[in-house]
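Labels below follow one simple rule: chain letters A, B, ... track the order of the sequence lines, proteins then strands, and each chain is numbered from 1.
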Amino acid sequence: MSKVIKIKKGLDIHLKGRAEKVLVDLGISANYAVKPTDFEGLTPKLMVKAGHEVKIGTPLFYDKYKPEILFTSPVSGTVSEINRGERRRILEVIIKADEKSEYEAFTKANPKDLQKDEIKENILKSGLWPAIRQRPYAIIANPSDTPISIFISGFDSAPLAPDYEFALNDDMNDFQTGVDALKKITDGNVNLILHQELNAGGLFKSVKNVEFHEFSGPHPASTIGVQINNIKALNKGEIVWYVNPIDVAKIGKLFNEGIFDSTKIIALTGSEVKMPQYFKITDGADLLSIVRDNVKSGDVRYISGNVLTGEKLEKTNFLSYYDYQLTIIPEGNQPEFLGWGTPGFGKFSMTRTFFSWLNPKKEMTLDSNLHGGERPFVVTGEFEKVFPMDIYPMQLLKAIIIEDIDLMEQLGIYEVAEEDFALCEVINTSKIEIQKLVRQGINVMIKEFS
Amino acid sequence: MKALRNYIDKIKPNFEKGGKLEKWQSVFDSFETFLYVLGDTAPKKGAHIRDAIDMKRVMSVVVIALVPALLFGMWNVGEFHFLSLGEDASFMEKFGHGFIRVIPLVLVSYIAGLGTEFVFVYIKGHEIEEGFLVSGLLIPLILPVDVPLWMVALATIFAVIFGKEVFGGTGMNIVNPALLTRAFLFFAYPSKMSGDTIWVSGLSGGEGVVDGFSGATPLASAAAGAMDKLPSTMDMFMGYLPGSIGETSVLAILIGAAILLFTGVGSWKIMLSVFAGGFAMALILNVFAADTNPYMALPAYQHLLLGGFAFGAVFMATDPVTGAQTETGKWIYGFLIGFIAIIVRVVNPAYPEGVMMAILLMNVFAPLIDHYVIQSNIKKRLKRAKA
């Protein structure tokens, strides 16, 4: 393994409710959903109607502009409902699961014996393609591109994130096959990124056909933008693809067994969970079927994903496609008298303006309160403490605000996505919605070049 | 407390859209958010936990950091008042005199400034921005004690409107509003802002002075070549000399600096580089010092202890809005402030003190410094793409 890349700028937020390494298989529940809204910039075209019988791997809809990208059913059963929002935008395709668990059949072969196009076609047909995303823009990869390399991060450094070594412990054979398949569809390397402490178990050490890179240090060490930027920064025109390791194993299973494996292992975490632990679920499960009564009383917020980048959902909603974690924290909707003037022994802050600095390692219970009103940018230098990339974060954000396309390009918009800025949003004194802003900037660029 | 919350919740609908006082919503919001950190929660998508810090917290930390300088300033005003009269007085008498002289300045600055801010809150329909909480205390601390109150009010209103609000409010201003207030007074009413009689309470009013007492600041003495009139290094450090209310005691300022640096609110890069720049320029002057200008031979470390140098470095140069915003830029920005301050001080006979000028000048140049720092990042990116 080459030299360790040390991330110095960053922040690990210690929260209560880390998942205990116990796995519970939840089996099949009543309803599942595939949500086109999970995929940034997607315009879906439906292929089924309510009442259609589907199997695991039957396509439900496709991308209007890249029709070869299919989105398939995670369960076998009947399409029960298509939920639409404003202007008839499709929000959810809901499938009522049956007991049979029938699979569509896909090509079963060693990827080493297949051509590049055969591999792509198999992944596309199975519905696993959306798991492959690209930088720039953090959107689903375009199948007609060839990336300069593919990144797989073997760890997630976000608060309470799942341990991939635990989740993938029994799937390393599939993971290797997945790597072999990915290796065939890039001209460059498949980069497997490991973390000195978070990958101490050494599960990924024996993987072949990859280029290893080792990182150390706090979050955002696991965001793909930070990893790419610290290994070899992305230039204009270059494309890198990235895949979550759990999805790599699913791609492997597709080639090993010829089926679309729609199960995944997720971590149920957060201070408001009674027993935080790991669950084996099926893609698109509703939160209630995962949480059941494993939640403390009170006003709580369900987050599909982690507290930095996740999406707030109702408990009757369905887990999002790219999330391997469900977090429950208290809602912070109570006003606090002179809250800005209290000593703040239990308050979280990166600065030492609250007395919580006396106890920095303490696991905290944090709620969703904003702790202040939105202001223009005033404090400088705070982003730089949690943004380990060779980019000027505040200047880039200002370029996005004024929609200066040239300036955004010059300041590195291609190298970033929302998740890279998540910590900036957390610690921002001016309470600006930074991740939303970054996505706006990216969408302006996509529109400009489409 | 519950009653207060209930009362606010009761009157709140009047200020919301459609209510009979809806035009006053932003003013109401300003008061409500002062009393309460609201129960507003993070949006649906994005970061769900947030740092407890907000603008009010940042500003109150700076205000706390200013308190040692304020308290020392009050005592020092009394000390020199009784010294000029040649009377003995107890600690409490001195402090009491200073308190009575300084508090009106503080009040006038806050009332004039916040009053103006609230007019803009009403006009803009956006709740108050907290920047003036600090400016309001900085203003009296950088003024001579005998300045007339109406001038302070006028200058403050001028600075808030033309220094800040015309640019869009806190976060958008180009120069430091507190320094603009001082600059306005300095150029509009020079007789009240310089000379040997304004720095000691009562002196400009013609109260009796004992023989041998001079109200001149050490910098004025030095500029006049009267090097023998300078106080000892220890007195310079402790602040036992006439000057603007808050600027004299380096010790009190350093306590404030420690608070700013420990909490992470102030930039150590700017503070350090201002001192480094001043020290460097003073050393250069030392090398070229001739008998004709004994001021140039003033030891470099004494330069850093005198006048508004320390106060400017710790509380003025570090203003994040008007200073350089890139980390590399902060080094350059701070260094040039220190450097230019000493040049103005020693080389230009018209201005006994150069810190205000240096900071205002560099406020204007800070965006240019940032521009070049950012250009180097842009060039690096372009070069990387070509390679």
Ion pair A/Arg375/B/Glu127, N-O distance below 4.0 Å: yes
Ionic contact status for B/Arg50 with A/Glu425, cut-off 4.0 Å: yes
Chain A contact residues among residues 25-35 of chain B, heavy-atom distance under 4.5 Å: B/Thr33, B/Phe34, B/Leu35
Note: B/Arg384-A/Glu415 ion pair, threshold 4.0 Å (strictly below): yes
Contacting moiety of B/Lys386, where chain A heavy atoms sit under 4.5 Å: neither
N-O pairing of B/Lys380 and A/Asp390 below 4.0 Å: yes
Per-residue contact mode, A/Ile434 against chain B (heavy atom under 4.5 angstrom): neither
Structural part of B/Ile8 lying under 4.5 Å from a heavy atom of chain A: neither
B/Lys45-A/Thr309 side chain donor-acceptor pair, cut-off 3.5 Å: no
Region of A/Lys232 that comes under 4.5 Å of a non-hydrogen atom in chain B: neither
Chain B contact via A/Ile13 - which portion, at a heavy-atom distance below 4.5 Å: side chain
Rounded distance (nearest 0.5 Å) linking atom CZ of A/Phe383 with atom CD of B/Glu327: 12.0 Å
Proximal component of B/Thr328, with respect to chain A [non-hydrogen, under 4.5 Å]: side chain
Heavy-atom neighbours of B/Phe365 CZ exceed 12 at 6.0 Å: no
Heavy-atom neighbours of A/Lys436 NZ exceed 12 at 6.0 Å: no
Flag, side chain of B/His48 to backbone of A/Ile303, donor-acceptor distance under 3.5 Å: no
Side chain, backbone, both or neither of A/Phe354 within contact of chain B (heavy atoms, under 4.5 Å): both
Part of A/Glu374 lying under 4.5 Å from any heavy atom of chain B: backbone
Which portion of A/Gln410 sits near chain B, non-hydrogen atoms under 4.5 angstrom: both
Heavy-atom contact with chain B under 4.5 Å, split by part of A/Met350: both
Donor-acceptor contact below 3.5 Å, side chain A/Asn369 vs main chain B/Leu38: yes
Chain B contact via A/Glu384 - which portion, at a heavy-atom distance below 4.5 Å: side chain
Contacting region of B/Val265 [heavy-atom separation from chain A under 4.5 Å]: side chain
Under 4.5 Å from any heavy atom of chain A - which part of B/Ser60: side chain
Value rounded to 0.5 Å, distance of CD1 in B/Ile64 from OG1 in A/Thr353: 10.0 Å
Heavy-atom pair count under 4.5 Å with chain B, highest-scoring of A/Glu238, A/Gln395, A/Arg439: A/Gln395
A/Leu366 versus chain B, the contacting section by heavy-atom distance below 4.5 Å: both
Heavy-atom contact with chain A under 4.5 Å, split by part of B/Ile378: both
Interface residue of largest heavy-atom contact number with chain A, from B/Leu4, B/Thr41, B/Asp54, under 4.5 Å: B/Thr41
